[in-house]
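Structure record follows, encoded as structure tokens.
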Amino acid sequence: MTNKDFFGSENFQLSTQKVENSCPSNIALIKYWGKYENQIPANPSISYTLNACRTLTEMQFFPDQEFSVSTFLAGKEEKNFASKIEKYFKSIEIYLPWILKGSYKISTVNTFPHSSGIASSASGFGALAKCLMDLDLLFSSDNRQLTTNNQKASFLARLGSGSACRSLYNGLVVWGETPVVEGSSDLYAVKYPDKEIHPIFKNFKDWVLLIHEGEKSVSSTVGHGLMKNHPYSEQRFQEAKDQFVPMKDILKNGYLEKFITLVEHEALTLHAMMMMSEPAFILMKTGTLEVINKIWAFRKETNLSLFFTLDAGANVHLLFPNDNDCAKIENFIMTELLPFTKKGGVMQDEMRF
Ligand code: DP6
């Protein structure tokens with residue numbers, strides 16, 4: 001499919017509407033870090049869709065008014081966010097030709113704390129794209145096929161924030177073209193085939209340790225930008241592409257140990273790339289390092305499958321299978337790892353299949 005396949009119809013009929021949607025966040029296992037023009041990823045990525053960390057969005061549309069957007073986050077008006085959304089809506093007019101023909105009131109609530117450092121852009125743009133597709137379904141008549149299979153919502157979410165396009169599907173989700181995953185695309189995400197996933201990877205927990213609350217030291221925009229003239233970017237993009245080959249084998253056959261090695265390597269590589277960029281950024285805090293060392297020692301001592309991944313920030317995503325050993329792991333987290341968080345902050349989440 002090309003961009004053209006997503007162009008919207010000029011035949012539409014508008015009416016005042018209110019739509020509501022919720023969308024979860026996701027956590028990448030093979031990371032997206034680096035992109036080209038028009039939100040085309042430099043390499044394919046794969047993520048788990050979460051369950052508890054999500055954004056709820058209510059969108060009201062008034063067709064008899066001039067184009068404008070007002071946004072409310074947890075009841076409080078956010079003018080900066082509104083101007084970002086206005087820009088985003090203007091950029092996707094070709095795909096939704098009715099989009100600038102009215103005003104919007106958008107109210108969103110996140111289930112995770114505002115200052116937690118958990119990125120809300122994936123769940124936020126995911127929920128927004130779902131609302132837009134609901135309106136499109138009400139206003140236009142010839143897009144039912146795309147709407148049903150979620151592809152256009154994922155396409156639109158990507159144009160707001162790359163990782164958001166993966167939040168439109170449950171389970172393991174791939175964004176970016178790779179020969180390893182049939183139907184994969186740079187333009188939207190696809191579900192990783194269920195029958196290719198060993199049961200052990202279908203019931204997983206992700207507890208997010210809130211090591212550092214507040215603004216991230218490097219925004220995604222700056223981070224992706226730093227990959228442009230990075231001395232190791234080509235090697236990094238190639239490595240991420242290559243990782244899909246062992247990942248496929250791991251997922252199919254339930255090779256948990258290899259999964260742990262690959263996922264932790266991906267997280268550390270993302271951070272290493274930022275340490276080697278110009279200017280350099282260290283995205284971990286002392287607590288992040290302490291937690292990583294504790295996890296490695298715990299794994300050595302107990303042989304239990306607790307491991308981590310990181311986003312472009314200091315918080316640690318603790319991953320572990322939801323099986324008979326999980327009570328022991330949870331007990332270790334609560335007693336040994338929680339002290340490294342700011343205020344005992346942990347988001348207890350799980351993968352959604
Ligand atoms: C580290 O999706 O936030 O979470 O496309 O500029 O909005 P933009 O970037 P964004 O980047 C997220 C990168 C990451 C890894 C990942 O989710 O794959």
Side-chain angles (χ1 to χ4, degrees), residues 23-50 53 55 81 84-85 87-88 91-92 110 112 116-129 154-169 172-176 178 184 186-190 192 206 208 215-228 230 233 236-237 239-241 243-244 247 262-275 277 281 283-284 288 308-317 319 349 351:
C23 185
S25 189
N26 69 75
I27 179 68
L29 304 168
I30 295 177
K31 307 282 180 185
Y32 148 59
W33 199 243
K35 61 178 164 183
Y36 306 122
E37 286 287 290
N38 303 320
Q39 294 284 94
I40 298 300
N43 61 261
S45 57
I46 181 167
S47 58
Y48 265 131
T49 296
L50 299 177
C53 290
T55 299
F81 188 45
K84 263 193 204 160
I85 301 298
K87 227 171 115 191
Y88 169 60
S91 76
I92 57 175
N110 293 326
F112 42 91
S116 65
I118 295 179
S120 58
S121 70
S123 52
F125 276 101
L128 210 58
S154 177
F155 175 90
L156 293 173
R158 176 194 115 243
L159 296 172
S161 176
S163 57
C165 74
R166 297 186 310 237
S167 277
L168 274 297
Y169 300 90
L172 282 164
V173 183
V174 172
W175 168 41
T178 163
S184 56
D186 287 344
L187 301 180
Y188 47 83
V190 296
Y192 192 83
D206 177 6
V208 192
E215 283 285 301
K216 290 200 277 183
S217 59
V218 63
S219 70
S220 291
T221 311
V222 172
H224 289 292
L226 287 170
M227 290 302 286
K228 285 214 170 90
H230 195 290
S233 58
R236 161 60 197 154
F237 301 151
E239 184 189 44
K241 289 174 192 167
Q243 293 279 42
F244 271 80
M247 186 57 118
L262 195 159
V263 169
E264 289 189 346
H265 175 80
E266 274 292 309
L268 294 174
T269 303
L270 165 66
H271 281 247
M273 294 310 285
M274 288 299 91
M275 285 187 207
S277 67
F281 285 96
L283 308 177
M284 293 185 196
T288 316
F308 69 87
T309 188
L310 308 163
D311 264 345
N315 294 332
V316 184
H317 286 252
L319 303 173
D349 213 333
M351 311 321 177

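Along the sequence shown, residues are numbered consecutively beginning with 1. These figures come from a predicted structure and were not determined experimentally. Just so you know, ligand 1 is whichever comes first in the structure, and atom 1 is the first atom listed for that ligand.
Considering both main-chain and side-chain atoms, S220 comes within under 3.5 Å of ligand 1 through a nitrogen or oxygen pair. Checked against a 3.5 angstrom limit, the closest N/O atoms of K31 and ligand 1 fall outside it.
Listed by number with element, the atoms of ligand 1 under 4.0 Å from a non-hydrogen atom of K35 are 5 (O), 6 (O), 8 (P). Using a 4.0 Å cut-off to heavy atoms of R166, the atoms of ligand 1 that qualify are 16 (C), 17 (O), 18 (O). If you number the atoms of ligand 1 from 1 as listed, the ones under 4.0 Å from a heavy atom of H224 come out as 6 (O), 8 (P), 9 (O), 10 (P), 11 (O). Under a 4.0 Å criterion applied to the non-hydrogen atoms of A312, ligand 1 contributes the atoms 1 (C). Near S161, meaning under 4.0 Å from any of its heavy atoms, are these atoms of ligand 1: 2 (O), 3 (O), 5 (O), 7 (O), 8 (P), 10 (P). Heavy-atom proximity to W33, at under 4.0 Å, picks out these atoms of ligand 1: 1 (C), 13 (C).
Put simply, the side chain of Y192 does not reach to within 4.5 Å of the side chain of Y169, judged on heavy atoms.
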Report all side-chain donor-acceptor pairs from residues 264-275 shorter than 3.5 Å, counting only partners two or more places apart or in another chain.
| unit_1 | atom_1 | unit_2 | atom_2 | d |
| --- | --- | --- | --- | --- |
| E264 | OE1 | W296 | NE1 | 2.8 |
| E264 | OE1 | R299 | NH2 | 3.2 |
| E264 | OE2 | R299 | NH1 | 2.8 |
| E264 | OE2 | F308 | N | 3.3 |
| H265 | NE2 | E239 | OE1 | 3.4 |
| H265 | NE2 | E239 | OE2 | 2.7 |
| H265 | NE2 | T269 | OG1 | 3.3 |
| E266 | OE1 | K31 | N | 2.9 |
| E266 | OE1 | R236 | NH1 | 3.4 |
| E266 | OE1 | R236 | NH2 | 2.8 |
| E266 | OE2 | R236 | NH1 | 3.0 |
| E266 | OE2 | Q243 | NE2 | 3.4 |
| T269 | OG1 | H265 | O | 2.6 |
| H271 | NE2 | D311 | O | 2.8 |

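By the criterion of a heavy-atom distance under 4.0 Å, the side chain of A28, and not its backbone, is placed next to ligand 1.
Counting only N and O atoms by type, the side chains of S121 and S161 include a donor and acceptor under 3.5 Å apart. Between the side chains of N110 and T55, a donor-acceptor pair is found at a separation under 3.5 Å.
Using the six-membered ring where Trp is involved, Y36 and F237 have ring planes that are perpendicular, over 60° apart on the 30 and 60° scheme.
Side chain of N26 to backbone of R166: no donor-acceptor contact under 3.5 angstrom is found.
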I would like to know whether V190 and V173 meet side-chain contact (heavy atoms from CB on, under 4.5 Å); could you show each step before the answer?
CA-CA 6 Å; V190 296; V173 183; over 6 Å; no
